[in-house]
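Worksheet for the structure shown next.
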Amino acid sequence: MRVGWDATHGEFIVDDYYYFSKLRTLVDSEVDCVYSFYKLENYDVIVFNYPEVKFKLREISRIKSWLKKGKTVVFASYYNNLDNVTGIINSVLKKLGLEMRISSDVIVDEKNNDGDKMHPLAKYGDHVVVMPCSSSVVGGRAFVEGFTSAECNNGSKCFAAYEEFGRGKVIVLGTCVFWDNYSIEKYDNRILANDILNGKI
């Protein structure tokens, strides 16, 4: 499975050694940092990790065509709509006609966390993962959910969801740092990252 990690919308890029040097060594996929938007069509999984630059209509149209061909597109945000990233992603989701949205909130867990309520633990199937500084995701099919003690403003405890589109799939994550150097070796985060990048969600 080839993964194209976008670098054209002001993202946290996979080539950033300080944040993502471990990701490439801990996942099975070939992950390329892609500096030309239209070259993303050469990849099976396309990642937009904290996009700070708005998507043009022609880019959204291209994403739609990639999805129809069976590609997986991943959008990862952060808490409280910092840098308007949540707004940018939600605008794309709306234009694609999807139901999923990211809330402008933060999920906290006073009980089940990695030493900080802003670093809540969550359930991914039979696995436990840490999802730091995450907004909640509403709509779609949830695949990472908080424990009963997790709280946020809208009552949702969903950290990640997906929705099918054509032959493809859109994955939305409330946090973009669950697979960074700090988190990826904690709990089962490596398994979650692998499954996303290998198209197993």
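Other residues, nucleotides and ligands contribute more than 12 heavy atoms inside 6.0 Å of the CD atom of E163. By the 6.0 Å contact criterion, CZ on R2 is enclosed, its count of non-hydrogen atoms from other residues, nucleotides or ligands being greater than 12. Within 6.0 Å of CD in E99 there are 12 or fewer heavy atoms belonging to other residues, nucleotides or ligands.
Side-chain contact between I171 and F143 is present, with at least one heavy-atom pair separated by less than 4.5 Å. Counting only heavy atoms from C-beta outward, the side chains of F178 and V129 never approach each other to under 4.5 Å. When side chains are defined from C-beta on, F20 does not count as touching I13, because their heavy atoms never get closer than 4.5 Å. Side-chain contact between S135 and N81: absent, with no pair of heavy atoms (C-beta onward) separated by less than 4.5 Å. Side-chain contact between V92 and E59 is absent, with no heavy-atom pair separated by less than 4.5 Å. Between R24 and D15 there is a side-chain heavy-atom pair separated by less than 4.5 Å. When side chains are defined from C-beta on, K157 does not count as touching I107, because their heavy atoms never get closer than 4.5 Å. Side-chain atoms of K22 and R190, non-hydrogen and from C-beta on, never get closer than 4.5 Å to each other.
Across every non-hydrogen atom of C176 and Y78, the tightest pair is SG-CD1, 4.0 Å. In plain terms, the two heavy atoms of V177 and P132 that are nearest each other are CG2-O, 3.7 Å. Closest approach of A76 and I89 over heavy atoms only: O-CD1, 3.7 Å. When all heavy atoms are compared, the tightest approach of G140 to A161 is C-CB, 4.3 Å. Heavy-atom minimum distance, V85 versus S77: CG1-OG, 3.8 Å. Residue M1 comes nearest to S29 through the heavy atom pair O-CB, 3.7 Å, listed as atom of the first residue, atom of the second, then distance.
Following chains of ILVMFWY side-chain contacts shorter than 4.5 Å, one can reach Y38 starting from V45, so the two form part of one hydrophobic cluster. Under the 4.5 Å side-chain heavy-atom criterion for ILVMFWY residues, a single connected hydrophobic cluster contains both Y18 and L23.
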Worked verdict on L93 versus R101 for side-chain contact (heavy atoms from CB on, under 4.5 Å): CA-CA 7 Å; L93 298 174; R101 296 292 184 272; 3.8 Å; yes
side-chain contact (heavy atoms from CB on, under 4.5 Å) between D195 and Y124, intermediate numbers included: CA-CA 11 Å; D195 286 356; Y124 167 55; 2.6 Å; yes
From CA spacing to verdict: side-chain contact (heavy atoms from CB on, under 4.5 Å), L26, E185: CA-CA 8 Å; L26 293 175; E185 292 184 289; 3.5 Å; yes
Derivation of the side-chain contact (heavy atoms from CB on, under 4.5 Å) call for K200 and N194: CA-CA 8 Å; K200 294 182 179 178; N194 246 317; over 6 Å; no
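For the 3.5 Å distance criterion, the side chains of Y43 and D32 qualify, holding a donor opposite an acceptor. A donor-acceptor pair shorter than 3.5 Å can be found between the side chains of S21 and N181. For T86 and S104, the side-chain atoms include no donor-acceptor pair closer than 3.5 Å. Between the side chains of N113 and D109, not a single donor N or O lies within less than 3.5 Å of an accepting N or O.
Atom CZ of R167 is separated from atom NZ of K71 by 9.5 Å, given to the nearest 0.5 angstrom. Between E52 atom CD and D83 atom CG the span is 4.0 Å, to the nearest 0.5 Å. Atom CG of N189 and atom NE2 of H127 lie 11.0 Å apart (nearest 0.5 Å). If you take CD1 on I191 and CD1 on I196, they are separated by 12.0 Å, rounding to the nearest 0.5 Å. From I102, atom CD1 reaches atom OG1 of T175 across 10.5 Å, with rounding to the nearest 0.5 Å. Separation of atoms CZ (F75) and CG (L96) is listed at 6.5 Å; rounding is to 0.5 Å.
Taking the ring-ring contact (aromatic ring centres under 6.0 Å, His included) definition, one finds that F12 meets it with Y19, Y50, sequence neighbours left out.
Between the side chain of T8 and the backbone N or O of F37, no donor-acceptor pair lies under 3.5 Å. Looking at K186, its side chain never comes within 3.5 Å of a backbone N or O of D114 through a donor-acceptor pair. N112 places no side-chain N or O within donor-acceptor distance of the main-chain N or O of S149, the cut-off being under 3.5 Å. Between the side chain of D180 and the main chain of Y182, a donor-acceptor pair closer than 3.5 Å is present. Looking at D116, its side chain does come within 3.5 Å of a backbone N or O of M118 through a donor-acceptor pair.
A centroid separation of less than 6.0 Å is found between the aromatic rings of F55 and F48.
The aromatic rings of W179 and W5 sit tilted relative to each other, their planes meeting at an angle between 30° and 60°.
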Per-pair distances, 0.1 Å, donor-acceptor, side chain in residues 60-70, under 3.5 Å, sequence neighbours excluded:
{"residue": "S65", "atom": "OG", "partner": "R62", "partner atom": "O", "Å": "2.7"}

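V128 belongs to a hydrophobic cluster with L121, V130, F147, Y187, counting contacts under 4.5 Å between side-chain heavy atoms of Ile, Leu, Val, Met, Phe, Trp and Tyr, direct or through other members.
Shown are V34, T72, V31; of these, the side chain to side chain contact (heavy atoms under 4.5 Å, CB included) with V3 is made only by V31.
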